[in-house]
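In this text the structure is predicted, and so the values were computed from the model without any measurement. Note on naming: letters A, B, ... go to the chains in the order of the sequence lines (proteins, then strands), and numbering restarts at 1 for each one. Because only heavy atoms are used, hydrogens play no part in the values below, and waters and symmetry mates are left out as well, while side chains stay in.
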There are 2 protein chains.
Amino acid sequence: MGSRRTPGRPPLPRADIIAKALEIVDGQGADALSMRTLARELGSSTATLYRHFENRTELVAEVVDHLFRHAVSGVGELSGMDWRQAYRQVATAAYHAMKNHRGALPLLLERVPSGPNAMLLRERCLAVLLENGFPPHFAARTYASLARYVLGFAIQTGGTGAGADTGALKAALSQTHPATAAVGDALPISLDEEFAFGLDLLIAGLAHRLDERDA
Amino acid sequence: MGSRRTPGRPPLPRADIIAKALEIVDGQGADALSMRTLARELGSSTATLYRHFENRTELVAEVVDHLFRHAVSGVGELSGMDWRQAYRQVATAAYHAMKNHRGALPLLLERVPSGPNAMLLRERCLAVLLENGFPPHFAARTYASLARYVLGFAIQTGGTGAGADTGALKAALSQTHPATAAVGDALPISLDEEFAFGLDLLIAGLAHRLDERDA
DNA sequence: ACCTGAACACCGTTCAAGT
DNA sequence: ACCTGAACACCGTTCAAGT
């Protein structure tokens with residue numbers, strides 16, 4: 001396995017490349033993923049990578065779509081399900097897929113995810129909304145809201161979380177930012193709980209809109 | 001004004017540096033902002049920039065906080081306002097500040113925004129929520145949901161928007177992704193409208209939760 | 001005291017040259 | 001046919017040297 005590759009058909013399948021890329025990103029963070037380090041880690045050369053991918057952006061897009069593959073396989077069969085359950089399941093599957101690859105999250109920003117698995121996740125979610133009687137334009141907005149909410153949430157999962165409030169800092173804060181200080185006593189809130197909170201708001205809001213429509 | 005700078009106290013105020021940085025980002029995009037180009041544009045040198053900022057990250061953080069300054073000045077006096085109006089005003093002010101500097105949005109991902117203006121915006125919003133009787137832990141989650149929603153939305157504002165669906169592509173889509181195709185007929189949706197839609201959901205969800213609490 | 005060119009150690013990408 | 005070292009044009013960051 002450690003042997004030098006020989007001329008001939010490429011013994012470097014795309015899948016191996018992106019698996020290694022994800023491995024690097026998970027282990028060392030998004031910044032560590034350069035074409036050079038990836039090539040070295042594979043025992044190959046950068047020029048070889050460019051025989052498989054048009055450019056770094058294309059490679060990154062495929063790594064990102066790997067996250068969505070995890071999300072897709074995290075949602076079960078949605079068909080026939082109540083929209084509330086289905087919506088929640090799609091959201092939490094996407095959220096957890098991203099949580100499990102925090103290091104890869106900065107990659108989400110380089111391009112709008114539009115790989116096959118991202119599209120499949122959307123398709124599954126839209127299908128169940130339509131099944132539940134959502135009018136198409138309403139379903140489209142409903143999915144967009146969810147996608148943006150999950151993304152906004154996931155994005156800052158990777159960050160350091162703004163750090164420790166020492167007692168001294170808190171004292172200063174209560175002078176300049178009293179409301180923040182008052183609320184800060186209730187912190188820290190677990191990320192999972194914050195996520196669930198907003199998701200419940202979206203669902204409650206949707207239910208309310210649907211009730212209005214039926215009345 | 002175009003004259004070479006001379007030795008002596010720094011004729012390069014921080015404010016000028018970040019104003020020029022924002023100008024570059026607005027005009028040429030986030031990728032165009034390198035320490036070299038910024039220094040050249042200012043008629044200075046990279047080493048001089050490092051006398052004002054610890055590193056590029058710190059400079060970027062200050063550019064980002066400039067966006068939040070716009071957002072803060074976009075919200076009027078919130079005190080004494082109904083929470084629904086206040087919440088909506090904070091959200092739309094932040095959204096518009098980001099829309100007006102699309103090129104700068106990728107910078108938002110480099111660090112969790114925690115500059116003085118970002119903190120001020122949060123303080124103002126939390127204050128009005130507390131005023132309206134939100135319990136602290138509830139107010140904290142309410143603000144977090146909004147911040148994440150706006151961020152997730154703003155982030156993808158800069159992107160190309162996934163591009164034009166030609167007739168041929170749509171035909172293929174209706175085979176493989178029927179729900180997406182069905183919904184796609186209702187597209188494109190204006191970004192502003194998508195944003196308002198989800199915001200209304202969050203507000204309706206909050207109202208519902210408060211009603212439950214009072215009952 | 002403040003500024004600067006030049007250097008260091010990296011990037012993404014390409015291409016002539018190897019086998 | 002497929003792979004590769006070396007090059008090109010960039011980065012962020014630092015430092016000895018200028019005035």
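Rounded to an integer number of Å, the gap from Asp31(B) CG to dT13(C) P is 11 Å. Atom-to-atom, CE of Met35(A) to C1' of dC15(C) comes out at 16 Å; the value is rounded to the nearest Å. Separating the CG atom of Leu38(B) from the P atom of dG12(D) is a distance of 10 Å, rounded to the nearest angstrom. Put simply, OH on Tyr50(A) is 17 Å from P on dC8(D), counting in whole angstrom units. Protein atom CZ of Phe53(B) is 15 Å distant from nucleotide atom C1' of dG12(D), rounded to whole Å. Rounded to whole angstrom, the span from the CD atom of Gln28(A) across to the P atom of dC11(C) amounts to 12 Å. Remark: P of dC2(C) and CG of Leu49(B) are 16 Å apart, rounded to the nearest angstrom.
OP1 or OP2 of dT13(D) has not a single side-chain nitrogen or oxygen of Arg56(B) nearer than 4.0 Å. Neither OP1 nor OP2 of dC10(C) sits under 4.0 Å from any side-chain N or O of Arg36(A). Between Ser34(A) and dC11(C) there is a side-chain N or O to OP1 or OP2 distance below 4.0 Å. Side-chain nitrogen and oxygen atoms of Thr46(A) include none within less than 4.0 Å of the OP1 or OP2 phosphate oxygen of dT13(C). Contact check, Ser44(B) against dT4(C): a side-chain N or O comes under 4.0 Å of OP1 or OP2.
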Test ring pair (Phe, Tyr, Trp, His ring centres under 6.0 Å) on Tyr149(A) and Phe195(A); report intermediate values, then the result. CA-CA 9 Å; Tyr149(A) 178 74; Phe195(A) 177 75; 5.6 Å; yes

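With a cut-off of 3.5 Å on both Watson-Crick or G-U wobble distances, the partner of dG18(C) is given as dC2(D). Nucleotide dT13(C) forms a pair with dA7(D), judged by Watson-Crick or G-U wobble geometry with both contacts under 3.5 Å.
Of all nucleotides listed (dG5(C), dT13(C), dT13(D)), dG5(C) comes nearest to the side chain of Ala47(B). Closest to the side chain of Arg51(B), from the set dG5(D), dC11(C), dC3(C), is dC3(C).
With the nearest nucleotide of DNA chain C identified for both Glu54(A) and Arg40(A), Arg40(A) has the one nearer the 5' end.
Under the 4.0 Å criterion applied to side-chain N and carboxylate O atoms, Asp200(B) and Arg88(B) are assigned as salt-bridge partners. Electrostatic pairing of Glu58(B) and Arg14(B) counts as a salt bridge here, judged by a charged N lying under 4.0 Å from a carboxylate O.
Using a 4.0 Å heavy-atom distance criterion, Thr57(B) is classed as making no nucleic acid contact.
Residues Phe197(A) and Phe138(B) place their aromatic rings such that the two centres sit under 6.0 Å apart. Here His101(A) and His66(A) keep their ring centres 6.0 angstrom or further from each other.
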